[in-house]
Amino acid sequence: MYQVKRKSRSTFVPIRKLNYHVQVWGEPAPEKTPLVMVHGWMDVAASYQFVVDALSHDHYVIAPDWRGFGQTASGGADNFWFPDYLADLDALLDHFAPNTQVNLVGHSMGGNVVMQYAGVRPQRIRRLINLEGFGMPATQPEQAPARLAQWLDELKKLHTGELRLTVYDSLGDVAGRLMKTNPRLSPDKANWLAQHWSRENAQGKWQILGEAAHKIVNAQLFRLEEITALYRCLSMPVLSVEASESSLDVWFKGKYTLAQYHERLKAIAQVEVAVIDHAGHMLHHDQPEVLAARIERFIA
């Protein structure tokens, strides 16, 4: 089992009628800029433990479980709307850092959230770090009818039980699933993550701490023009961190490329691109020491 170096504490915060679970490392202090770290799709706040352990300095780190993930319930939602993540983050910053800027980190889905949020509230962000939050392929208005039809069909599958998450027989099986998804993940880290990524149900099975409704397609199209407009509003320095083994080709099969993502970044006034070698999409698991050092250099 992975041995934690910096222990976190759990707290629950009332956010927009939800009881939001937040992992906190360290203590606030006047000389510390809060380091806010938000996770990606089907991940949890505790996933940042390895990076926090690798930090050289004593930071005040705040990491929420997004709605419908980890220990934050969704309030019974049967689908999720991306602007809700922005509103949740806004309220979380009101609670934890009402009168100060923060250094904001987001991975994958969380990276997309922070890039959009910082375009809306640039005055709240001192430094912005996007870990593999590439966005989505550009869409056209003509795709709307098919997208909405898919959304309706998937909602029905959720309510009939056809759309659900896999349940595992043991915690070891959960760890095995994590290592299958990410072959670089060592057994000690997988075993540690499994106990934060799942829980035992009344039948003695282990279920993922994420709601099946997250698998439903977004009813809204990804509008590149709107994203570009938000990127233009990013007035703070931005660090875009990529893994050496990009997942874009696997995800989108040529419909959206790393070169296209780099073209989008040209809309940002101050942006730096860094590549973490020997890492895949879960780079905060694969190379936490390298990533921690890169984050600390950027926010120093």
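- Atoms NZ and OG, on Lys205 and Ser198 in that order, are 13.5 Å from each other to the nearest 0.5 Å.
- Leu291 is listed as a side-chain neighbour of Leu131, based on a closest heavy-atom distance under 4.5 Å.
- Within the 4.5 Å cutoff, the side chain of Leu209 has heavy atoms near those of the Arg199 side chain.
- Donor-acceptor pairing under 3.5 Å is recorded for the side chains of Asp78 and His159.
- Looking only at side-chain heavy atoms (C-beta outward), Leu221 and Arg147 come within less than 4.5 Å of each other.
- Between Met179 and Ala190 the shortest heavy-atom distance is CG-CB, 3.5 Å.
- Glu296 pairs by the salt bridge (charged side-chain N to carboxylate O under 4.0 Å, His left out) definition with nothing, not counting sequence neighbours.
- Evaluation of the salt bridge (charged side-chain N to carboxylate O under 4.0 Å, His left out) rule for Arg124 yields Asp90, Asp94 as partners, not counting sequence neighbours.
- Between the side chains of Tyr60 and Thr33, no donor N or O sits under 3.5 Å from an acceptor N or O.
- Side-chain N/O atoms of Gln207 and Asn201 include a donor and acceptor closer than 3.5 Å.
- Counted by atom type alone, Trp25 and Gln49 present one or more donor-acceptor pairs between their side chains at under 3.5 Å.
- Under the salt bridge (charged side-chain N to carboxylate O under 4.0 Å, His left out) criterion, Glu263 pairs with Lys266, not counting sequence neighbours.
- Taking 4.5 Å as the limit, some side-chain heavy atom of Met282 sits within range of a side-chain heavy atom of Asp43.
- Between His281 and Trp251, the ring centre distance stays below 6.0 Å.
- Taking the six-membered ring where the residue is Trp, the centroids of His95 and Tyr20 are separated by 6.0 Å or more.
- Contact annotation: the side chain of Val102 never approaches that of Arg126 to less than 4.5 Å [non-hydrogen atoms, C-beta and beyond].
- The only member of Tyr48, Phe50, Tyr2 that meets ring pair (Phe, Tyr, Trp, His ring centres under 6.0 Å) when paired with His285 is Phe50.
- Just one of Ile125, Leu230, Leu128 meets the side-chain contact (heavy atoms from CB on, under 4.5 Å) condition when paired with Tyr117; it is Ile125.
- Annotation: side chain of Leu248 is in contact with side chain of Tyr256 (closest heavy-atom distance under 4.5 Å).
- Within the 4.5 Å cutoff, side-chain heavy atoms of Leu89 are placed close to those of Leu104.
- Around atom CZ of Arg223, more than 12 heavy atoms belonging to other residues, nucleotides or ligands sit under 6.0 Å away.
- The CE atom of Met37 sits 7.5 Å away from atom CD1 of Ile129, with the distance rounded to the nearest 0.5 Å.
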Candidate pair Asn218 and Trp151, rule side chain to side chain contact (heavy atoms under 4.5 Å, CB included), full reasoning
CA-CA 7 Å; Asn218 196 325; Trp151 177 69; over 6 Å; no
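- With respect to the salt-bridge test (charged N to carboxylate O, under 4.0 angstrom), the residues Arg9 and Glu27 qualify.
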